Number of protein chains: 2
Amino acid sequence: MKLKQVVEIGKCLSNQTRVEILEWLKNPEANFPPNESGISNKEGVCVGNIQEKTGLSQSTISTYLGSMERCGLLHMVRNGKWSYFSRNEETIQEFIRSIQ
Amino acid sequence: MKLKQVVEIGKCLSNQTRVEILEWLKNPEANFPPNESGISNKEGVCVGNIQEKTGLSQSTISTYLGSMERCGLLHMVRNGKWSYFSRNEETIQEFIRSIQ
DNA sequence: TTGTCATATCGAGAAATGTCGATATATTTG
DNA sequence: CAAATATATCGACATTTCTCGATATGACAA
């Protein structure tokens, strides 16, 4: 993994709420209520459910999730009006290999 | 590892130079000139040699290394007027376990 | 003790990030 | 089409971090 990407991931991990989101998404079914649509939490958790759990504003959480997706920590899939976020385990492993 | 420590490590990894230092210290004998004192680079690299390689000011590098030590990424040992820094592999592994 | 060297700490201004409310966009529903 | 809903983006101000030069500290040498 390139240095720039390591740094971008580091920026995401430099904030308590973002680290918690990453942690919660290890077990999305236990940490979030079921999605309104049929989609399982395993495939991704919608922005609203993450926002509610953190207590921060909608715009802040949307910004957080966007930056976590751009650096590769999270994967996003859109379905209608919802965006579903899940961990991107491949990139996380690459990041780990870069620093260990 | 506690959330706060993960975040402090994240802050250290959010800067290009600090990530490079961590990378260089994987192989200190290849990346730094021998220490003036008898101490091997394997046991730690002194601040001056790290500063010279980065090109940043002495005070900046001292601040960087201090924060990397406080969060547990680096280990420091003092010897006379020198401080020697090396990777703290135990904490690095703990950090990795926290995010994977 | 005085001077020199390596490192640490301080104070400051510049730059980046945090976080919000307001608003824009896009999708679905009536 | 109009309204409602979920998410994204914008603009702004507060806070944090970056990075430096200046200075303090502590160890060693003369």
Side-chain angles (χ1 to χ4, degrees), chain A residues 3-4 7-22 25 32-39 41 43-71 73-86, chain B residues 3-4 7-21 32-39 41 43-71 73-86:
Chain A
L3 179 58
K4 291 258 164 134
V7 172
E8 289 310 305
I9 290 176
K11 288 181 189 176
C12 282
L13 299 178
S14 73
N15 174 282
Q16 180 156 340
T17 302
R18 288 189 297 257
V19 172
E20 286 178 316
I21 291 171
L22 203 64
L25 289 175
F32 297 97
N35 284 311
E36 279 186 45
S37 67
I39 288 189
N41 271 335
E43 298 174 57
V45 178
C46 69
V47 179
N49 284 347
I50 297 175
Q51 188 247 316
E52 192 172 354
K53 181 146 181 149
T54 63
L56 295 179
S57 75
Q58 186 270 325
S59 65
T60 297
I61 295 304
S62 179
T63 303
Y64 281 8
L65 294 173
S67 65
M68 292 173 82
E69 196 225 344
R70 275 190 301 280
C71 76
L73 279 176
L74 297 185
H75 179 248
M76 181 185 81
V77 61
R78 263 175 197 281
N79 186 285
K81 54 184 171 179
W82 287 283
S83 300
Y84 297 97
F85 288 88
S86 57
Chain B
L3 179 59
K4 290 259 163 132
V7 171
E8 289 310 305
I9 291 176
K11 288 180 187 175
C12 282
L13 298 178
S14 73
N15 174 283
Q16 181 156 339
T17 302
R18 287 190 298 257
V19 172
E20 285 179 316
I21 291 171
F32 296 98
N35 284 311
E36 280 185 45
S37 67
I39 288 190
N41 271 336
E43 299 174 56
V45 178
C46 69
V47 179
N49 284 348
I50 297 175
Q51 188 246 315
E52 192 172 353
K53 181 146 182 150
T54 63
L56 295 179
S57 75
Q58 185 270 325
S59 66
T60 296
I61 296 304
S62 179
T63 303
Y64 281 9
L65 295 173
S67 65
M68 292 173 83
E69 196 226 344
R70 275 191 300 280
C71 76
L73 278 176
L74 298 184
H75 179 247
M76 181 185 81
V77 60
R78 264 175 197 280
N79 186 284
K81 54 185 171 179
W82 286 283
S83 301
Y84 297 97
F85 287 88
S86 56

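Proteins get letters first, then strands, A, B, ... in listed order; numbering begins at 1 in each. Keep in mind the model is a prediction, meaning the values are calculated, not measured.
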For residues 46-55 of chain A, please give each side-chain donor-acceptor pair under 3.5 Å, one per line with the distance, not counting sequence neighbours.
| residue | atom | partner | partner atom | Å |
| --- | --- | --- | --- | --- |
| Q51(A) | NE2 | L56(A) | O | 2.9 |
| K53(A) | NZ | N31(A) | O | 3.0 |
| T54(A) | OG1 | Q51(A) | O | 2.9 |
| T54(A) | OG1 | L56(A) | N | 3.2 |

Under-3.5 Å N/O pairs linking protein and nucleotides 20-25 of chain D:
| residue | atom | partner | partner atom | Å |
| --- | --- | --- | --- | --- |
| dC20(D) | OP2 | S57(B) | N | 3.0 |
| dC20(D) | OP2 | S57(B) | OG | 3.1 |
| dC20(D) | OP2 | T60(B) | OG1 | 2.8 |
| dG21(D) | N7 | S59(B) | OG | 3.4 |
| dG21(D) | O6 | S59(B) | OG | 2.9 |

Distance, rounded to the nearest Å, where [X] contributes [atom1] and [N] contributes [atom2]:
| X | N | atom1 | atom2 | result |
| --- | --- | --- | --- | --- |
| L65(B) | dC18(D) | CG | P | 14 Å |
| E36(A) | dT29(C) | CD | C1' | 14 Å |
| I39(B) | dA6(C) | CD1 | C1' | 14 Å |
| E8(A) | dA16(C) | CD | P | 12 Å |
| E69(B) | dT7(C) | CD | C1' | 13 Å |
| E52(A) | dT5(D) | CD | P | 15 Å |
| I50(B) | dA6(C) | CD1 | P | 15 Å |
| Y84(B) | dA27(D) | OH | P | 14 Å |

Legend entry - Contact residues, residues 11-22 of chain A to DNA chain D [heavy atom, < 4.0 Å]: none

Legend entry - Pairwise side-chain contact, V77(A) with I39(A), heavy-atom cut-off 4.5 Å (strictly under): no

Legend entry - Heavy-atom check, side chain of L13(A) versus side chain of L13(B), under 4.5 Å: no

Legend entry - Side-chain N,O (Y64(B)) to OP1/OP2 (dT17(D)) below 4.0 Å: no

Inset, instruction - Can you sort out the partners of S14(B) under side-chain hydrogen bond (donor to acceptor under 3.5 Å, both in side chains), two or more places apart, ordered by chain and number? - result: none

Legend entry - Set of residues satisfying side-chain hydrogen bond (donor to acceptor under 3.5 Å, both in side chains) with respect to T60(A), sequence neighbours excluded: S57(A)

Legend entry - Qualifying side chain to side chain donor-acceptor pair (under 3.5 Å) pairs with a residue from residues 73-84 of chain A, counting only residues at least two apart or across chains: S37(A)-Y84(A)

Inset, instruction - Within residues 75-83 of chain A, find the residues that approach DNA chain C with a heavy atom at under 4.0 Å, and present them sorted by residue number. - result: G80(A), K81(A)

Legend entry - Under 3.5 Å donor-acceptor, S62(B) side chain and Q58(B) backbone: no

Legend entry - Any donor-acceptor pair under 3.5 Å from N35(B) side chain to V45(B) backbone: no

Legend entry - Interatomic spacing from SG in C12(A) to CG in L74(A) - rounded to 0.5 Å: 8.0 Å

Legend entry - Residues forming a salt bridge (charged side-chain N to carboxylate O under 4.0 Å, His left out) with E8(B), sequence neighbours excluded: K11(B)

Legend entry - Those residues that, when tested against N15(A), pass side-chain contact (heavy atoms from CB on, under 4.5 Å) (two or more places apart): T17(A), R18(A), Y64(A)

Inset, instruction - Give one of base, sugar-phosphate or nothing for Q51(B), where a contact means two heavy atoms less than 4.0 Å apart. - result: nothing

